[in-house]
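Both ligands and their constituent atoms are indexed starting at 1 by order of listing. Only this structure's heavy atoms are used, side chains among them; waters, hydrogens and symmetry mates stay out.
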Amino acid sequence: MDQGSTEMMIVMQESASAEDVERILERLETAGAQGHVSTSDLVTVIGVAGERDVIAGLPLEAYPGVDSVVPILKPYKLVSREFRRSDSVITVGGTSLGGGHVGLIAGPCSVETREQLLEAAVAAKNGGATMLRGGAYKPRTSPYAFQGLGVEGLEILAEARELTGLPVVTELMDPRHLDDVVKYADVIQIGARNMQNFLLLSAVGQVDRPVLLKRGLAATIEELLMAAEYVVKEGNSNVILCERGIRTFEVATRNTLDISAVPILKQRSHLPVIVDPSHAAGKVDLVEPLSLAAIAAGADGLMIEMHPTPETALSDGAQSLDPAQFSRVTARIRQIVDWAGKTMG
Ligand code: PEP
Ligand code: MN
């Protein structure tokens with residue numbers, strides 16, 4: 001359903017009752033507008049979507065329980081800090097991410113074989129990961145490169161979840177695969193190359209699974225937030241933003257990790273923000289320093305590629321930690337998570 005963009009926010013008084021909120025929602029509906037209700041920090045906020053002129057003409061300040069009516073200037077609304085002051089926390093399979101909970105998503109770039117993935121899953125679990133990653137559909141630069149196992153890969157991921165208890169994160173590239181991915185995955189990843197695939201964003205906005213949205217290779221912070229807005233606007237407010245490095249003139253790394261994006265996204269949005277140091281750096285030895293920097297900068301989690309035998313990996317071996325390296329890096333990550341006053345998972 002197209003609800004138009006959110007044009008203003010009605011901030012309710014702490015003492016406002018459910019009837020006060022209901023009265024406003026009914027008034028909005030009769031005016032052909034829609035209200036999205038969000039409650040946090042004792043305060044209820046109603047985001048109002050619809051025709052700007054019609055909404056502006058409603059005497060909303062006059063309604064009982066209303067504290068203030070704030071027009072929205074930013075192009076993104078539902079994902080903005082103004083819309084929700086407290087951090088959103090995303091909880092899946094008993095583990096949380098955001099609001100003081102640090103998520104650690106680890107696993108291979110691609111699901112290659114059952115043995116490889118199950119071995120990676122056990123190593124991820126033993127090393128302290130809170131979720132398992134692995135691509136069954138792979139966006140490869142070359143059409144001749146390994147494209148992923150598809151549904152077979154999803155089935156293997158589900159088996160790994162059974163084995164370890166770790167929730168599964170996997171990429172969706174095509175709305176035609178949505179049902180299969182929803183059937184097996186706990187979190188749906190939208191890759192950097194699809195950050196502005198608007199039909200895909202709207203499709204994942206309509207399902208009941210958190211979405212891990214990666215920043216595009218050449219996307220601005222505002223464009224990332226607008227992409228998240230596409231998902232949330234459809235009703236799915238469980239979006240995790242992921243900084244994974246952007247294209248710059250620098251060639252010493254695969255991409256340039258935009259560490260500033262972490263505090264900026266946290267200032268502008270209530271959504272959790274994680275960092276993927278593996279795709280940012282493209283190199284194993286940079287994963288630890290970039291991970292520590294990310295948590296120190298305020299990230300709510302990390303996504304790290306780890307493979308039982310990186311030298312045989314069908315994709316991204318050069319940036320994949322082996323299980324021993326992963327355990328060493330996670331020990332350091334735990335120290336900095338403690339320093340930040342946060343908890344793992
Ligand atoms: C991945 O996570 O394996 C991946 C393809 O990442 P990105 O979309 O950030 O390149
Ligand atoms: Mn990869």
Point to revise | Nearest non-hydrogen protein atom, atom 2 (O) of ligand 1 | key: Arg133 NH1, 2.7 Å
**Study point:** Co-membership, hydrophobic cluster, residues Val207 and Val79, 4.5 Å side-chain
**Key:** yes
Check your understanding: Which heavy-atom pair separates Ala160 from Ala121 by the least distance, and what is that distance?
Key -> CB-CB, 3.8 Å
**Study point:** Numbering as shown, the atoms of ligand 1 that approach Gly191 to under 4.0 Å (heavy-atom distance)
**Key:** 8 (O)
Check your understanding: Quick one: angle Asp316 OD2 - the Mn ion (ligand 2) - His279 NE2, to the nearest 10°?
Key -> 90°
Review point. Under 3.5 Å, side chain of Arg209 to main-chain N/O of Val182, donor-acceptor pair present?
Key: yes
Check your understanding: Parallel under 30°, tilted from 30 to 60°, perpendicular over 60°: which one fits the rings of His270 and Phe83?
Key -> tilted
Exercise for review: Would you check the N or O atoms of His279, main chain and side chain alike, for any that come under 3.5 Å of an N or O of ligand 1?
Suggested key: yes
Exercise for review: Check ligand 1 against Glu305 and write out every atom of the ligand that is under 4.0 Å from a heavy-atom position of the residue.
Suggested key: 3 (O)
Practice item. Before accepting this row, confirm whether a basic side-chain N of the pair Lys138/Asp316 lies closer than 4.0 Å to the acidic partner's carboxylate O. Key: no
Practice item. Report the name of the N/O/S atom of Glu305 located nearest to the Mn ion (ligand 2). Key: OE2
Exercise for review: Determine whether any heavy atom of Cys109 lies closer than 4.0 Å to an atom of ligand 1.
Suggested key: yes
**Study point:** Under 3.5 Å: N/O of Asp276 near N/O of ligand 1
**Key:** no
Check your understanding: Would Gln189 count as a contact of ligand 1 if the rule is a heavy atom under 4.0 Å away?
Key -> yes
Review point. Quick one: which ligand 1 atoms are inside 4.0 Å of a heavy atom on Ala192?
Key: 7 (P), 8 (O), 9 (O)
Review point. Among all protein non-hydrogen atoms, which one is nearest to atom 9 (O) of ligand 1, and what is the separation to 0.1 Å?
Key: Arg244 NE, 2.6 Å
Check your understanding: Is the closest basic N to carboxylate O distance between Lys283 and Asp285 below 4.0 Å?
Key -> no
